[in-house]
Amino acid sequence: MSYERVKEYFEHVDMGSRVMGFEKSSATVEETALAVGCEPKQIAKPCLFCKKTDLR
């Protein structure tokens with residue numbers, strides 16, 4: 001799922017402010033921590049969201 005679709009969905013459920021985009025890479029926990037300004041141990045695991053119709 002693209003960043004744009006995730007952002008659109010979160011805006012639809014009134015949570016758009018929680019989606020962050022970064023100019024620097026955030027491919028690893030360490031890079032994300034640097035981009036956000038926190039410790040790597042503060043980074044949560046990514047979550048996967050599925051609609052019931054996606055579960056077959």
Checklist entry - Are a donor atom and an acceptor atom from the side chains of S25 and E31 found within less than 3.5 Å of each other? => result yes
Checklist outcome for this item: Interatomic distance, CG@L34 vs CD@E39, rounded to 0.5 Å, equals 10.0 Å
Checklist entry - Counting only heavy atoms not in E8, do more than 12 sit closer than 6.0 Å to its CD atom? => result no
Checklist entry - Any side-chain heavy-atom pair from V19 and Y9 closer than 4.5 angstrom? => result no
Checklist entry - If you round to the nearest 0.5 Å, how far is CE of M20 from OH of Y3? => result 10.0 Å
Item to check | Atom of I43, atom of C38 and distance for their closest heavy-atom approach | outcome: CD1-SG, 3.6 Å
